[in-house]
Novice: 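The following block contains the structure, expressed as structure tokens.
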2 protein chains.
Amino acid sequence: MNLPIGELARRTGVKVPTIRFYEQIGLIAAPPRTEGNQRRYGKTEIDRLNFIRHARELGFEVDHIRELLAMSQEPQASCHQADSIAQSHLLEVDRRIEKLRRLRGELARMIDECGHGRICDCRIIEVLADHGHCAADHVA
Amino acid sequence: MNLPIGELARRTGVKVPTIRFYEQIGLIAAPPRTEGNQRRYGKTEIDRLNFIRHARELGFEVDHIRELLAMSQEPQASCHQADSIAQSHLLEVDRRIEKLRRLRGELARMIDECGHGRICDCRIIEVLADHGHCAADHVA
DNA sequence: GCTAGAATCTCTAGCCACTAGAGGATCAAG
DNA sequence: CTTGATCCTCTAGTGGCTAGAGATTCTAGC
């Protein structure tokens, strides 16, 4: 277990520059180096990077991941805080889905109404140009 | 109709710095200036900015908006291209919705299974730490 | 005409989470 | 000992803005 960064990347699915970036922002610790100044990693980093990757895939922000990582280091603590981070993230995801759904509806309607003729008759252009009182006006 | 930038902002819902930014990236033209070097706008810019805002609200990228704007200037052209931009954007929105829904499912399950006890028993932390063969692994 | 305060100007830097590329050093296999 | 893959650091770029500094200009009231 003395992996170079490329091997760590292969095993975790996190790209090499991203690993270095995570080190830079302090999301993972700086590992030991070879005599020739190359990073060498162990099992700890595989786990940590996998954790980070899963959390990113679930859409957690880096700052939240920082907190979740800190919690995972304190197994006896209450998981109330982890729960609340996840909860509020779920709400955020719900908001995004709802917004996209409304948007999708408008898009689909617009496309549907397009008669595939000339620009001057096109609902797509028309809707964009003059859209004074539709739902999307109130999308944040 | 010789509006200062703040008034244009008020009428279109696009913030002042954003208007200047749009000018900088060439999304809108540089307007005439007063003797004191302040921008003054007319009806054209109101329409154009409204178009841009609507398109942004619908999630179109700036480069696509550029194309849509160019099309709207050629009323006799076919709207095939506008249609295809909108179509592919719709597909992209569908992809995003689907991705968020899968993600939401995982999040909700995770939270649901959390016993609200200690970190060492917490499904949230556990799922993140060891998540080897779940759907989210294959989310791009 | 004068003054105060609101609005405007330019410019730089920051946001997020990376990604790309230059230019050079190091490693492992043959 | 050479070759080619991998690694290093550093800077800059992505998208679509947003924030702030410090200076100027406009406008309304007196």
Side-chain angles (χ1 to χ4, degrees), chain A residues 2-28 30-41 45 48-49 51-69 89 92-93 96 99 103 136 139-140, chain B residues 2-28 30-41 45 48-49 51-69 85 89 92-93 96 99 103 139-140:
Chain A
N2 216 14
L3 314 172
I5 196 167
E7 182 59 21
L8 180 64
R10 208 184 54 70
R11 295 204 195 184
T12 59
V14 179
K15 288 176 193 155
V16 170
T18 305
I19 296 175
R20 288 197 275 248
F21 170 73
Y22 284 164
E23 180 183 324
Q24 201 188 309
I25 63 171
L27 206 53
I28 61 176
R33 305 271 184 138
T34 65
E35 288 193 4
N37 199 34
Q38 299 196 353
R39 293 167 178 86
R40 288 298 179 264
Y41 296 94
E45 279 92 357
R48 198 166 170 100
L49 267 186
F51 188 107
I52 293 169
R53 184 173 58 86
H54 300 326
R56 287 293 303 137
E57 279 168 357
L58 287 171
F60 286 98
E61 291 167 19
V62 164
D63 277 352
H64 285 156
I65 296 176
R66 240 184 263 273
E67 296 182 54
L68 290 169
L69 276 167
H89 183 51
E92 176 59 30
V93 170
R96 276 188 235 166
K99 182 170 166 184
L103 200 144
V139 171
Chain B
N2 216 16
L3 313 172
I5 197 168
E7 183 59 21
L8 180 64
R10 206 185 55 71
R11 294 203 195 184
T12 59
V14 180
K15 289 177 194 158
V16 168
T18 305
I19 296 175
R20 288 197 276 248
F21 170 74
Y22 284 163
E23 180 184 324
Q24 201 189 310
I25 64 172
L27 206 54
I28 60 178
R33 305 270 185 139
T34 64
E35 288 193 4
N37 199 35
Q38 299 195 354
R39 295 167 177 86
R40 287 298 178 265
Y41 296 94
E45 279 92 356
R48 198 168 170 98
L49 266 186
F51 188 107
I52 294 169
R53 184 172 59 86
H54 300 327
R56 287 292 303 138
E57 280 168 356
L58 288 171
F60 285 98
E61 291 167 17
V62 163
D63 278 352
H64 285 155
I65 296 176
R66 241 184 262 275
E67 296 182 53
L68 291 169
L69 277 167
I85 289 178
H89 183 52
E92 175 59 29
V93 169
R96 275 189 236 166
K99 181 172 166 183
L103 200 144
V139 170

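Computation of the quantities below employed the complete heavy-atom set of this structure, encompassing side-chain atoms and omitting hydrogens, waters and symmetry-equivalent molecules. Throughout, a chain's letter reflects where its sequence line sits, starting with A, and its residues are numbered from 1.
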Novice: Counting heavy atoms from C-beta on, name the nucleotide in D:dG16, D:dC7, C:dT8 closest to the side chain of A:Val16.
Specialist: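 Looking only at heavy atoms from C-beta outward on A:Val16, the closest nucleotide is D:dC7.
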Novice: Within the pair B:Lys15 and D:dT18, is there a side-chain N or O less than 4.0 Å away from OP1 or OP2?
Specialist: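 So the side chain of B:Lys15 is within the cut-off, an N or O lying under 4.0 Å from OP1 or OP2 of D:dT18.
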Novice: Does a side-chain heavy-atom distance below 4.5 Å link A:Ile19 with A:Leu8?
Specialist: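 Contact flag for A:Ile19/A:Leu8 side chains = yes.
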Novice: For A:Phe60, report the nucleic acid contact type (base, sugar-phosphate, nothing); a contact means any heavy atom under 4.0 Å.
Specialist: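 No contact at all - A:Phe60 keeps every heavy atom at 4.0 Å or more from the nucleic acid.
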Novice: Check whether any side-chain heavy atom of B:Arg40 lies under 4.5 Å from a side-chain heavy atom of B:Pro4, and answer yes or no.
Specialist: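 Side chain of B:Arg40 against side chain of B:Pro4, heavy atoms only: contact under 4.5 Å found.
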Novice: For A:Arg33, report the nucleic acid contact type (base, sugar-phosphate, nothing); a contact means any heavy atom under 4.0 Å.
Specialist: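 Counting heavy atoms under 4.0 Å across all strands, the contact made by A:Arg33 is with sugar-phosphate only.
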Novice: With a non-hydrogen cut-off below 4.0 angstrom, is B:Arg20 in contact with a base, only sugar-phosphate, or nothing?
Specialist: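 Counting heavy atoms under 4.0 Å across all strands, the contact made by B:Arg20 includes a base.
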Novice: Calculate the interatomic distance between A:Asp63 atom CG and C:dC15 atom C1'; express it in whole Å.
Specialist: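 Answer to the nearest Å: 12 Å.
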Novice: Quick one: A:Phe21 CZ to C:dC18 P, roughly how many Å, whole number?
Specialist: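 About 6 Å, once rounded to whole Å.
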Novice: Could you tell me the separation between the CD1 atom of A:Ile19 and the C1' atom of D:dT9, rounded to a whole number of Å?
Specialist: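 The answer, rounded to whole Å, is 16 Å.
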Novice: Start with the C-alpha distance between A:Glu45 and A:Ile28, add both sets of side-chain angles, then the distance that settles side-chain contact (heavy atoms from CB on, under 4.5 Å), and finish with yes or no.
Specialist: CA-CA 8 Å; A:Glu45 279 92 357; A:Ile28 61 176; 5.5 Å; no
Novice: Of A:Gly36 and B:Ile52, whose nearest nucleotide on DNA chain D comes first from the 5' end?
Specialist: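 In this pair, the answer is A:Gly36.
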Novice: May I have the distance from B:Asn37 (atom CG) to C:dC11 (atom P), rounded to whole angstrom?
Specialist: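 Computing the B:Asn37:CG to C:dC11:P distance gives 10 Å.
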Novice: Between atom CD in B:Glu57 and atom P in D:dG16, what is the gap in whole Å?
Specialist: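 Atom-to-atom, B:Glu57 to D:dG16, this comes out as 15 Å.
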Novice: Can you tell me if the side-chain N/O atoms of A:Tyr22 get under 4.0 Å from OP1 or OP2 in C:dC18?
Specialist: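 A:Tyr22 to C:dC18 OP1/OP2: side-chain N or O found under 4.0 Å.
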Novice: Can you measure B:Ile25 atom CD1 to D:dG16 atom P for me and round it to whole angstrom units?
Specialist: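 To the nearest whole Å, that distance equals 8 Å.
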Novice: For DNA chain C, whose closest nucleotide is more 5', that of A:Glu35 or that of B:Gln24?
Specialist: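 Result of the comparison: B:Gln24.
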Novice: I want to check something: taking the side chain as every heavy atom from C-beta on, are B:Arg20 and B:Arg39 in contact at a cut-off of under 4.5 Å?
Specialist: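 A side-chain contact under 4.5 Å exists here.
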Novice: Less than 4.0 angstrom between a side-chain N/O of B:Arg40 and OP1 or OP2 of D:dC26, yes or no?
Specialist: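 For D:dC26, neither OP1 nor OP2 has a side-chain N or O of B:Arg40 closer than 4.0 Å.
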Novice: Which atom pair, heavy atoms only, marks the closest approach of A:Val16 to A:Gly6?
Specialist: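 Closest approach of A:Val16 to A:Gly6: CG2-CA, 3.9 Å.
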Novice: Nearest-nucleotide wise, let me know which of B:Val62 and B:Thr34 is further upstream toward the 5' end of DNA chain D.
Specialist: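 Whichever sits nearer the 5' end wins; that is B:Val62.
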Novice: Phosphate oxygens OP1/OP2 of C:dT19: is one of them under 4.0 Å from a side-chain N or O of A:Thr18?
Specialist: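 Indeed, a polar side-chain atom of A:Thr18 lies that close.
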Novice: Provide, to the nearest angstrom, the distance between the CD1 atom belonging to B:Ile5 and the C1' atom belonging to D:dT25.
Specialist: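 Computing the B:Ile5:CD1 to D:dT25:C1' distance gives 14 Å.
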Novice: In whole angstroms, how far is the C1' atom of C:dT10 from the CD atom of B:Gln38?
Specialist: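 About 12 Å, once rounded to whole Å.
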